[in-house]
Structure formats: structure tokens, C-alpha cells
Amino acid sequence: MTIDKIEIFEKAGTPLVVAGPCSAESEEQVMAVASALAGRVTLFRAGLWKPRTRPGCFEGVGKEALPWLQRVKREYRLPVATEVANAEHVELALSAGIDVLWVGARTTVNPFAVQEIADALRGCDVPVLVKNPVNPDLELWIGAFERLNNAGVSRLGAIHRGFSSYGEKCFRNAPQWQLPIELRRRLPDLPIICDPSHIAGKRELVMSLSQQAMDLNFDGLMIETHCNPVCALSDARQQVTPDELFLMLDRMVRRSAACGDSKLSSYRMQIDEIDDALMALIAKRMEVSREIGEVKRERGVAVFQAARYNEVMQRCEEYCRLARLDAEAMKDIFEVVHSESIRQQLDIVNDCIKK
Ligand code: PEP
Ligand code: MN
């Protein structure tokens, strides 16, 4: 694969910063964010065509917003980027002079859609950033770069925005840092930007994720920025104000690529992710235990059931044997988990007695 450098990225310092609202909502909103960001960021982002999970949500203003991005470019000399999901978007964006295009996570999962975009880009010399697919499939991500590259697009970049999963979780999209790290190993010339906004899902986590991305030597950040985030028409919980963005950038510690610490940081981040998942699972287990407590109360069944306790411990032992884990250590952990479940159930029964 031939990957060429993207000039506007080359001129930027590290980290390269892409910022702007999740969606272009109105001309005033776009110009207000751009005016605050001008001079401080490398590339202005705004979504025109928004892929929404459920119908009925704000789906973007579409091509009506192209002249607003042209104004940003002209009046603030700020290069602009938007998301494209089909050939029509590509044609409209190119004829409006949009500087950089990106392919969204919900598009990267679909090889037909990526191929359609690649075909529409044949013969055009525009840089394209590709977000990871929503599911943690590195081959699908690399496949998208190959499709674009085969169509002659050589100025490519990746955006890591995390991976979706089912159930309660700390992040909107789990970072799974090992995937972008493996992407870097497989395509060392490809710049990789982190999008902490879509990983976090809430603005409070954006700073620490950005710092983690810096610790792992990412080439830049894409951070959703809005002058009035709570009123944003999409992704209101995760957008930050321009001032909050500047504060984060000022506080961020840049690491030198040579310090050799990134391997350690990557392992620590993996441990943190596993701990978060463990905690979420324990919380889920307690929730189910309390449901069981309700059923036991209704049916007049005793909370502690020795046979069930033995069954739980036996399953634990069996798993340890298969996974070559220390059975004694795991039994200690499970005893604590089980006794906390019993305590939760007793709570439910006692609550009812008090009433
Ligand atoms: C976005 O950048 O606003 C967006 C829709 O992101 P993603 O494709 O990562 O969900
Ligand atoms: Mn968004």
C-alpha cells in the first residue's frame, strides 16, 4: 500500500488537533465554533449527514451546510472536514472544496459502502480518514484502506473511536487500545488519530482518554467541540466548549516517541479496561442476585441454599482447571462474591419484613 503524507498534518504540531461540532446545526453555530477555534486547531470538523442509531433523531442538515463550511475555510483560513457515507456525499463534498473527508464507523463495517466511496474518489486527490468499524475487526479496517488505496487515494489516515458492545459500560465505545496499536504495527506509515469524544460518550472522560492517546504516541486527536454542548442536536453529553478544549490541550503532557514507555502504558490501559469490565460484570451479577432475592421472598424460599453454593464453587473449580488458573485463589474471590450476593438478598428479605 502506498501511503503519502497529508500536508496540513505535516505542518501541524503534535498532537494534530481536529475539532468542531458533532453536527453542523446552523450557520451561526458553525461560525461561532470556527471563530473560537481558528488559529488553535489544524482542521475543522462538522458532520452534515449524520448516521443515527434510531430514526427520528437529528440526521444532519445535509448539503445546505456546505456553504457554511466554505465560509469557515474562506473567513478563518481553516481547512474543513466532513463525513461521507456514499458516492453522492463524496461528489457534493468535493465540488464544495472540502479539504479532508472521513468515513464513519458505521460505514467502515460495510465493504459495499466503502467500495462505493472509493469508486467515487477515483482520480481525486483528497485526503481521507477512516474511522475504525464499530466492531473490533482489524481486517475490516485495513480492508477499507486497501479499497481506497486501490482507487488511487494515497493520503490516508486512521481515526480510532472505540468499539461498541452490549450492556452497561464505562465508555460509550470501548477503547481496546490493542487494535490501533496492531494497526500501527501493520501499517507503520499511516497516521493514527484518536477520537476520545466517541470513545468516552461523556465529556468528563475526554481529557484522560486524550492523555492516554498521547502516552501511546497517537499522531493527533479529533475532539467534538460546541459553544453550547448541552443544547447540541447530537452527542450533547460528549462535546466540550472551545475553552475546555484549550484547557485540555494546555494540560496535556506530550510524550517523546523515544521514551519507550508506550508498551507499559498500553498494558496498563488494557488492565484498566479489564478492571472496568470486571466491575461492570460484578455489578450486573449483584443486580441478578437481587432479582433472585425477590423471587425467593415471593416463594418463601430460604436465601442461602447449600446445594447451589456448592454448584457455584464446583463450576469455578472446573473453569480454573480448563483455564489453568489457581483454584484456591479463585475460590477466595468467588467466596467473597457469593457472600456479597447473599448479603444483597438478605437486604431484600429484611426490607420486606421492616415494611
Ligand atoms: C461523528 O464523528 O460524529 C460520528 C458519527 O462518529 P462515528 O462514526 O465514530 O460514530
Ligand atoms: Mn458525534
Side-chain angles (χ1 to χ4, degrees), residues 16-25 29-30 33 37 41-55 57-62 65 69 80-86 89-90 93 98 100-110 113-114 117 127-137 140-141 144-145 148 157-165 169 171-177 179-180 183 192-203 205-206 209-210 213 218 220-241 244-245:
L16 155 87
V17 181
V18 185
C22 175
S23 304
E25 299 169 4
Q29 172 248 10
V30 166
V33 187
L37 296 179
V41 308
T42 309
L43 184 62
F44 183 80
R45 66 147 283 158
L48 272 50
W49 299 281
K50 301 303 298 178
R52 306 311 300 276
T53 303
R54 306 281 298 272
C57 302
F58 175 66
E59 290 184 330
V61 294
L69 293 186
V80 291
T82 200
E83 174 176 345
V84 290
N86 59 36
H89 298 165
V90 171
I98 301 300
V100 174
L101 307 182
W102 85 79
V103 175
R106 292 165 190 78
T107 306
T108 312
V109 285
N110 181 352
V114 175
I117 291 170
V128 181
L129 309 177
V130 181
K131 288 199 172 199
N132 61 260
V134 285
N135 55 320
D137 185 338
L140 204 50
W141 202 1
F145 291 111
L148 290 161
I159 304 175
H160 166 235
R161 50 75 83 197
F163 301 89
S164 109
S165 64
K169 58 226 165 186
F171 298 109
R172 178 178 177 194
N173 292 292
Q176 304 209 16
W177 299 103
L179 275 106
L183 179 66
I192 311 182
I193 290 171
C194 180
D195 170 352
S197 309
H198 287 88
I199 296 177
K202 34 184 153 343
R203 61 189 131 267
L205 298 178
V206 172
L209 284 162
S210 304
F218 273 72
L221 298 166
M222 178 186 259
I223 299 182
E224 285 189 338
T225 312
H226 193 289
C227 292
N228 189 3
V230 282
C231 295
L233 300 182
S234 59
D235 291 348
R237 279 290 287 115
Q238 71 195 31
Q239 302 204 56
V240 297
T241 63
E244 286 164 343
L245 172 73

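In listed order, ligands and their atoms are each counted from 1.
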Visitor: Can you say whether the rings of Trp141 and Phe163 are parallel (under 30°), tilted (30 to 60°) or perpendicular (over 60°)?
Guide: perpendicular
Visitor: Which ligand 1 atoms, with their elements, are less than 4.0 angstrom from a heavy-atom of Glu83?
Guide: 4 (C), 5 (C)
Visitor: Can Cys57 and Leu233 be said to form a side chain to side chain contact (heavy atoms under 4.5 Å, CB included), step by step?
Guide: CA-CA 8 Å; Cys57 302; Leu233 300 182; over 6 Å; no
Visitor: How close does the nearest protein non-hydrogen atom get to atom 4 (C) of ligand 1, and which residue and atom is it?
Guide: His198 NE2, 3.4 Å
Visitor: If the contact criterion is a heavy-atom separation under 4.0 Å, does Cys22 count as touching ligand 1?
Guide: yes
Visitor: Using a strict cut-off of 4.0 Å, indicate which atoms of ligand 1 neighbour a heavy atom of Arg161.
Guide: 7 (P), 9 (O), 10 (O)
Visitor: Looking only at N, O or S atoms in His198, which is nearest to the Mn ion (ligand 2)?
Guide: NE2
Visitor: Salt bridge or not between Arg203 and Asp235? Use side-chain N to carboxylate O under 4.0 Å.
Guide: no
Visitor: Can you list the atoms of ligand 1 that are under 4.0 Å from a heavy atom of Lys131?
Guide: 1 (C), 2 (O), 4 (C), 6 (O), 7 (P), 8 (O), 9 (O)
Visitor: Between His226 and Glu25, does any side-chain donor sit less than 3.5 Å from a side-chain acceptor?
Guide: yes
Visitor: What N, O or S atom of Asp235 is found closest to the Mn ion (ligand 2)?
Guide: OD2
Visitor: What is the minimum heavy-atom distance between Gly201 and Arg172, and which atoms define it?
Guide: CA-CB, 3.6 Å
Visitor: Among protein heavy atoms, which sits nearest to atom 8 (O) of ligand 1, and what does the distance come to when rounded to 0.1 Å?
Guide: Ala105 N, 2.9 Å
Visitor: Drop me the distance from Trp102's CH2 to Thr107's OG1, to the nearest 0.5 angstrom.
Guide: 11.0 Å
Visitor: Determine which of the N, O or S atoms in Glu224 is closest to the Mn ion (ligand 2) and give its atom name.
Guide: OE2
Visitor: Between Glu83 and Lys131, is there a salt bridge with N-O shorter than 4.0 Å?
Guide: no
Visitor: Test of understanding: given a 4.0 Å heavy-atom threshold, classify the contact between Arg45 and ligand 1 as side chain, backbone, both, or neither.
Guide: side chain
Visitor: State the atoms of ligand 1, each with its element, that fall below the 4.0 Å cut-off from a heavy-atom position in Lys50.
Guide: 1 (C), 3 (O), 5 (C)
Visitor: Can you list the ligand 1 atoms lying under 4.0 Å from a non-hydrogen atom of Gly104?
Guide: 8 (O)
Visitor: At their closest point, which heavy atom of Ala144 faces which heavy atom of Thr108, and how far apart are they?
Guide: CB-CG2, 3.9 Å
Visitor: Hey, which atoms in ligand 1 end up nearer than 4.0 Å to a heavy atom of Trp102?
Guide: 2 (O)
Visitor: Do you know the tightest heavy-atom contact between Phe171 and Ile199?
Guide: CB-O, 3.3 Å
Visitor: Just distances here: any N/O of Glu224 and N/O of ligand 1 closer than 3.5 Å?
Guide: yes
